[in-house]
Number of protein chains: 2
Amino acid sequence: MPYSTEHKQRTRESILSTAIRLFSNKGYDSVTIDQLMTAAGLTRGAFYTHFDSKSELYAEAVLAAAMQSPIASGACPGEKGTDWIRRTASLYLSREHLEQEDFPCPLAFLVTDVANREPAVRNTYTRVYAEFVRVLQSHLPMEASTTAKGSELSWAMAALMIGGVAVCRALNDEATIDRVLVACRQVVEGLAEDVA
Amino acid sequence: MPYSTEHKQRTRESILSTAIRLFSNKGYDSVTIDQLMTAAGLTRGAFYTHFDSKSELYAEAVLAAAMQSPIASGACPGEKGTDWIRRTASLYLSREHLEQEDFPCPLAFLVTDVANREPAVRNTYTRVYAEFVRVLQSHLPMEASTTAKGSELSWAMAALMIGGVAVCRALNDEATIDRVLVACRQVVEGLAEDVA
DNA sequence: GTCTATAGAAAGATAGAC
DNA sequence: GTCTATCTTTCTATAGAC
């Protein structure tokens, strides 16, 4: 691979990382190409060598964000079963995640934002969400990891975790945020254990 | 009250209703003053007689949306206890709500959007959310409507309902949407009953 | 591949006529 | 109070130099 191609690849990934960070924290419309490129250490003009348009970048960013987020893509490889669920819930529904600037879960940080975007982006979101649910279910205890009941539970658990984080980001009161986080963690754990 | 004042009041409310509809379905940035006023049957220039700025309008719209949404502000006055919860969950987590253009629940339709806005808007969101939780808890069976455990459950139930609706709006697959709606409804009902 | 410069469109907000 | 006209800013995207 010639130097220039390799270099282009690196630049592209740098733009993408910056995009994930900015889009996740400010939403699609509030991020300008200028801000993005400046934050990536470049200027406006260089953008279009790497991406066709802002919306194309967004679509890629949502997917890349999902794959890079340690929280969404099956963290805690050490743990198993209910322990994994408990640990994931406590990572996902945490202040650290809320304040996570670099790799937050796009499912939570961009829910409403994605809803207002074109079908291609929503297709990506749909796939990422389904994968999140699949991973959750695979860690449910015993047979629940394959039954219809366990599946149903997983679809709701994912919505609860995403909802909890999304709501907390909209709230403006520390005490309320902590209450929501704790409550959601407790309920997720309870659900995972009761299904056994 | 002189005619002009009364008329101004009506116009103002008309703009506000239009704002609720447009903001809820497209988000803050995607709605322009021009679109808004045209949809309200007026022109750009008339806007600033009623509101100081777009962001001020947004803050008012979020509050008004919460009060006008029959779903969020304690619908089903006929039902009581667990029946009320079950009925509210089935209204909230429904396709009708997802496709509701005029009075959707801003807690779900604007979560991420509000998160990216100024503190005043997030304060409003916080109050509306807390009220939603309060109403939910008041319909929990027996003592749960006053205990700490019932309170915790309510904070999570609200996040689950909001998360379910918000996620479904981002999804782009009918079957997946139905699965999420059903799953969330089931879990909400289960939670409300198990606490008894 | 990245830069500066700029075209071209659209937005928020204001001014002044009616 | 509402209109049309406009100021000013900001944004996406492109052109051309290096």
Side-chain angles (χ1 to χ4, degrees), chain A residues 1-62 110 113-114 116-118 120-121, chain B residues 1-62 110 113-114 116-118 120-121:
Chain A
M1 217 181 232
Y3 172 77
S4 65
T5 306
E6 190 184 324
H7 177 249
K8 177 169 184 181
Q9 191 64 22
R10 260 204 302 275
T11 305
R12 195 190 141 93
E13 269 155 29
S14 155
I15 297 174
L16 202 50
S17 296
T18 310
I20 292 174
R21 180 163 52 85
L22 292 181
F23 281 140
S24 297
N25 289 289
K26 307 176 55 165
Y28 180 79
D29 286 308
S30 299
V31 176
T32 70
I33 309 272
D34 193 30
Q35 285 175 343
L36 170 77
M37 295 302 280
T38 301
L42 299 166
T43 54
R44 264 198 299 289
F47 176 79
Y48 295 90
T49 320
H50 300 279
F51 300 92
D52 284 344
S53 67
K54 184 182 175 185
S55 70
E56 193 213 277
L57 169 67
Y58 187 80
E60 278 208 50
V62 171
L110 296 173
D113 210 49
V114 167
N116 298 325
R117 223 98 277 135
E118 67 262 41
V121 179
Chain B
M1 217 182 234
Y3 172 77
S4 65
T5 307
E6 190 183 324
H7 177 249
K8 176 169 183 180
Q9 191 63 22
R10 261 203 303 274
T11 304
R12 195 190 141 92
E13 270 155 28
S14 154
I15 296 173
L16 202 50
S17 296
T18 310
I20 292 174
R21 181 163 51 84
L22 292 182
F23 281 140
S24 297
N25 290 288
K26 307 174 54 163
Y28 181 79
D29 286 307
S30 299
V31 176
T32 70
I33 309 273
D34 193 29
Q35 284 175 343
L36 170 77
M37 295 302 279
T38 301
L42 299 166
T43 54
R44 267 198 298 288
F47 176 78
Y48 296 90
T49 322
H50 301 279
F51 301 92
D52 285 344
S53 67
K54 185 183 174 183
S55 69
E56 193 213 278
L57 169 68
Y58 187 80
E60 278 209 50
V62 171
L110 296 173
D113 209 50
V114 167
N116 298 325
R117 223 97 278 136
E118 67 261 42
V121 178

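As the structure is a computational prediction, the values presented were derived from the model and not from experiment. Each chain gets a letter, A, B and so on, in the order the sequences are listed, and its residues count up from 1.
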J.: Hey, does the side chain of Ser53(A) come within less than 4.0 Å of dT12(D)'s phosphate (OP1/OP2), counting only N and O?
T.: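 For dT12(D), OP1/OP2 do not have a side-chain N/O of Ser53(A) under 4.0 Å.
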
J.: Is it true that Asp113(B) and Lys26(B) have a side-chain N and a carboxylate O under 4.0 angstrom from each other?
T.: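 Salt bridge between Asp113(B) and Lys26(B), a charged N being under 4.0 Å from a carboxylate O: no.
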
J.: Return the orientation label for the Tyr28(A) and Phe23(A) ring planes: parallel under 30°, perpendicular over 60°, tilted otherwise.
T.: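 Rings of Tyr28(A) and Phe23(A): parallel, as their planes differ by under 30°.
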
J.: Using the side-chain heavy atoms of Leu42(A), tell me which of these nucleotides is nearest: dC11(D), dT2(C), dC3(D).
T.: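 Of the candidates, dT2(C) comes closest.
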
J.: Which of these nucleotides, dA13(D), dC3(C), dT2(D), is closest to any side-chain atom of Ala46(B)?
T.: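 Nucleotide nearest to Ala46(B)'s side chain: dT2(D).
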
J.: For Lys54(A) and dA9(C), what is the distance between atoms NZ and C1' respectively, to the nearest whole Å?
T.: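 For the pair Lys54(A) NZ and dA9(C) C1', the rounded distance is 15 Å.
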
J.: Among the nucleotides dG12(C), dG1(C), dT14(D), which one has an atom lying closest to any side-chain atom of Lys8(A)?
T.: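 That would be dG1(C).
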
J.: Report the distance from atom OH of Tyr48(A) to atom C1' of dA7(C), rounded to the nearest whole Å.
T.: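 That distance rounds to 13 Å.
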
J.: Out of dT2(D), dG12(C), dT6(C), which has the shortest distance to the side chain of Arg44(A)?
T.: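 For Arg44(A), the side-chain atoms sit closest to dT6(C).
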
J.: Nearest whole angstrom, please: distance from the P of dT6(D) to the CG of Asp34(B).
T.: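 Those two atoms, CG and P, are 16 Å apart.
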
J.: Is any side-chain nitrogen or oxygen of Thr11(A) closer than 4.0 Å to OP1 or OP2 of dT2(C)?
T.: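 Answer is yes, contact under 4.0 Å.
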
J.: Of the listed nucleotides (dC3(C), dA13(C), dA13(D)), which one gets closest to any side-chain atom of Thr43(A)?
T.: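 The closest nucleotide is dC3(C).
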
J.: Please give, in whole Å, the distance from dA10(C) P to Ile33(B) CD1?
T.: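 Going from CD1 in Ile33(B) over to P in dA10(C) covers 17 Å.
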
J.: Between dT4(D), dG12(C), dG1(D), which one does the side chain of Thr49(B) approach most closely?
T.: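 When the side chain of Thr49(B) is considered, dG1(D) is the closest of dT4(D), dG12(C), dG1(D).
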
J.: Just verifying a value: how many Å separate Leu16(B) CG and Leu36(B) CG, rounded to the nearest 0.5 Å?
T.: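 Taking CG in Leu16(B) and CG in Leu36(B), the distance rounds to 9.5 Å.
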
J.: To the nearest 0.5 Å, how far apart are OG1 in Thr49(B) and CD1 in Ile15(B)?
T.: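 One finds 8.0 Å between OG1 of Thr49(B) and CD1 of Ile15(B).
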
J.: Among the nucleotides dG1(C), dA13(D), dG12(C), which one has an atom lying closest to any side-chain atom of His7(A)?
T.: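 Of the candidates, dG1(C) comes closest.
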
J.: Please give, in whole Å, the distance from dA11(C) P to Gln35(B) CD?
T.: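 Interatomic distance, CD of Gln35(B) to P of dA11(C): 7 Å.
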
J.: Tell me the interatomic distance from Met37(A), atom CE, to dT4(C), atom P, rounded to whole angstroms.
T.: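 It works out to 12 Å between those atoms.
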
J.: Please report the distance, rounded to the nearest Å, between CG in Leu36(A) and P in dT10(D).
T.: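 Roughly 18 Å, once rounded to whole Å.
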
J.: I need the NE2-C1' distance between His50(B) and dG1(D), as an integer number of Å.
T.: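 Answer to the nearest Å: 7 Å.
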
J.: Quick one: which of Arg12(B), His7(B), Glu13(B) gives a side chain to side chain donor-acceptor pair (under 3.5 Å) with Gln9(B)?
T.: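 Of all the options given, the one that passes is Glu13(B).
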
